[in-house]
Amino acid sequence: MNRLNELFKNKKEPILSIYYTAGYPNLDSTLDIAEALEKGGADFIEIGFPYSDPVADGPVIQASSQHALDNGMTLSILFDQLKDLRKRVSIPILLMGYVNPVLQYGIENFCNKAADVGVDGVIVPDLPMYEYENLYKSCFLENNLSNIFLVTPQTSEERIRKIDELSSGFIYLLSSSSTTGKDLKVSNEADAYFKRIKDMNLKNPTMIGFGISDQKSFNKAAEYTRGAIVGSAFVKFLATDKALENVGQFLKGIRA
Amino acid sequence: MNKEFIKSSVNWGVNDQGYYGDFGGAYIPEMLYPNVEELRQKYLEIIYEPSFQDEFHRLLKDYVGRPSPLFPAERLSAKYGAKIYLKREDLNHTGAHKVNNTVGQILLAQRLGKKRIIAETGAGQHGVATATVCALVGLECVVYMGEVDIQRQAPNVARMKMMGATVIPATSGSKTLKDATNEAMRDWINNPVDTHYIIGSVVGPHPYPDMVARFQSIISEETKLQLKEKTGSEYPDIVMACVGGGSNAIGMFYHFLDDENVRLIAVEAAGKGVDSGESAATTALGKEGVLHGSRSILMQTDDGQVVEPYSISAGLDYPGIGPQHAHLFKAGRGEYVSATDDEAMEAGKLLAELEGIIPAIESAHALAHLEKMKFEGNETVVICLSGRGDKDLDNYMKHFNL
């Protein structure tokens, strides 16, 4: 049981998670942003480690990733910054990014280091289930790290069951098959998809992400799942004046 | 079902998990999984159908103009002291080998019921070959091309547009082939139902490397028959081709993979020199990693960020290499070498002067390696002349003050 599992076990209200890219807007803003998010009321945080070719991301997170790389962010630097993570932040933390930087760092090193600094889970969208199950699962489990899988409206029921079996934190439902930063399409089709997943009674909790940017989309997500994840909208917000002072307000704008 | 059609290599083909040794797989986000999985389940079944094979061969013959000639290059042979044959993929409709693959994939897309085709392109040859087959069958075509390449390759952009394709500039990252590929993948993520992505090389998630290799294998299939007719033996001593992602090279190697007496030589683009910092010699400079959906060898930093390659030829400046090539390289079955910009340009000019053939700068890289080889005198060498040089005249003019 890690912090993430505790959160889903104990929290009754809809859960709000925030994604941001480490190294953006400044190389050393990582922990300041995490701290501001906890103070502002976020339930857990996804810290993105940047990659040069983020194929699942739309323009906002592509730009923050490139900006972070230009600032000199690397996985080694990120882990250095996270040394004091648990002195400053107590809510669950996930790392999110693409598989190649993880492979270069070394999967075992990555898992060990993540556990050392107090990370609770990992989201690597382009790490395939087959490779995870056969090569990397043990390393995640030994370090008590939750591996989070994505599900889209096109994911088959059989595959969702398999994902449920392999998951140990929550299942990340994409509001639609899309790159990050598009608006949630409120449609009968989307409702039917969310309801279909809800009715599957999965053992893992679910959260909705991609396209969540305001109260309306957050409430829609909370109707069917435990809550929602906001990424691009927050990264965009970070570029505004005195963003860190206004994080609480930003979060209230999403979950009243 | 005719499973004899384009047989897979016994020793060097893809396994059931989509791997060639340590390389390959399908490292894709869940959003791409349903499309790629559909393709994985159906591609062999579809290409084993007699109606598919009939149509594929009919189009290759009547539309592409196959078989492409195997030309004995006598003056080139005299210069180097070997029996050199050129496999004339430059004589295909659209001017390069790329069309072999787009013909195959468009027939496949039709059978999958897809309504919309997307593609990435670097120099524009694959984009043109895709726009061509889309016009032929009347499917919507969207081609992603780096903003920088759009400026460098204006005639190919015009060709695509003339055939009704929409060309969308990739403005992210370095604005070249790698970024065009990223944009095409993003398009596919956002259009998960009615769209087929025609990848132009033996890269991408399984089953793309195997599927594209099968469509390009016509190059070596014909070569064997033509060599037999000309020399009495279907086996050359050496086959050579240039490698960016590696589709013409795999096509040239395919039916010789299991005959270990045939040397396979792949020539990468060294740019301004392997150690100059401006190069695309992936096997020399790269490390194992994951790019565009497969595990292979790619040029990257210690932190796993992909490094932008350089070559004078827009068709070879890709930071990775197909997973089957990575396997052939690591296992020592293929010899992976490189030629610089200058060496390739000289080789291009030499072929023009000796044989009256102006090669694409990509193909000229393969020819350039002849300078570095020692022949006993009787070796049979087949070089894949993957494309024609018309698109490169600007570059040749600048380089030689023509």
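Sequence lines set the chain letters: A, B, ... in the order given, protein chains first and strands last, and positions in each chain run from 1.
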Relative to the ring of A:F194, is the ring of A:Y224 parallel (under 30°), tilted (30 to 60°) or perpendicular (over 60°)? tilted

B:H327 vs B:W12 aromatic rings, parallel, tilted or perpendicular, using cut-offs 30° and 60°? tilted

Heavy-atom distance under 4.5 Å between the side chains of B:T195 and B:V142, does that happen here? no

Can you confirm whether A:F44 sits close enough to A:L94 that some side-chain heavy atom of one is under 4.5 Å from a side-chain heavy atom of the other? yes

Which residues share a side-chain hydrogen bond (donor to acceptor under 3.5 Å, both in side chains) with A:D57, sequence neighbours left out: A:Y98, A:T180

Side chain, backbone, both or neither: which part of [X] has a non-hydrogen atom closer than 4.5 Å to chain B?
X	answer
A:V55	both
A:Q154	both
A:L69	side chain
A:M129	neither
A:Y51	both
A:Y172	neither
A:P54	both

Between [options], which shows the greatest number of heavy-atom pairs under 4.5 Å with chain B?
options	value
A:L75, A:L150, A:T74, A:D53	A:D53
A:Y105, A:F149, A:Y130	A:Y130
A:L127, A:V102, A:T155, A:V124	A:T155

Begin with the C-alpha distance, continue with both residues' side-chain angles, and end with the deciding distance and a verdict on salt bridge (charged side-chain N to carboxylate O under 4.0 Å, His left out) for B:D317 and B:K178. CA-CA 9 Å; B:D317 64 351; B:K178 158 178 99 72; over 6 Å; no

What is the distance from atom CD1 of B:I198 to atom SG of B:C141, rounded to the nearest 0.5 Å? 7.5 Å

Between chain A and each of B:M31, B:Q17, B:R186, B:M185, count heavy-atom pairs under 4.5 Å; write down the option with the most. B:R186

Is it the side chain or the backbone of [X] that comes within 4.5 Å of chain A heavy atoms, both, or neither?
X	answer
B:E288	backbone
B:L32	neither
B:D302	backbone

Considering all heavy atoms of both residues, which atom of B:T301 and which atom of B:V307 are nearest to each other, and what is their separation? N-CG2, 3.7 Å

Can a cation-pi geometry be assigned to A:R159 and B:Y33, taking NZ or CZ under 6.0 Å from the six-membered ring centre and within 45° of the ring axis? yes

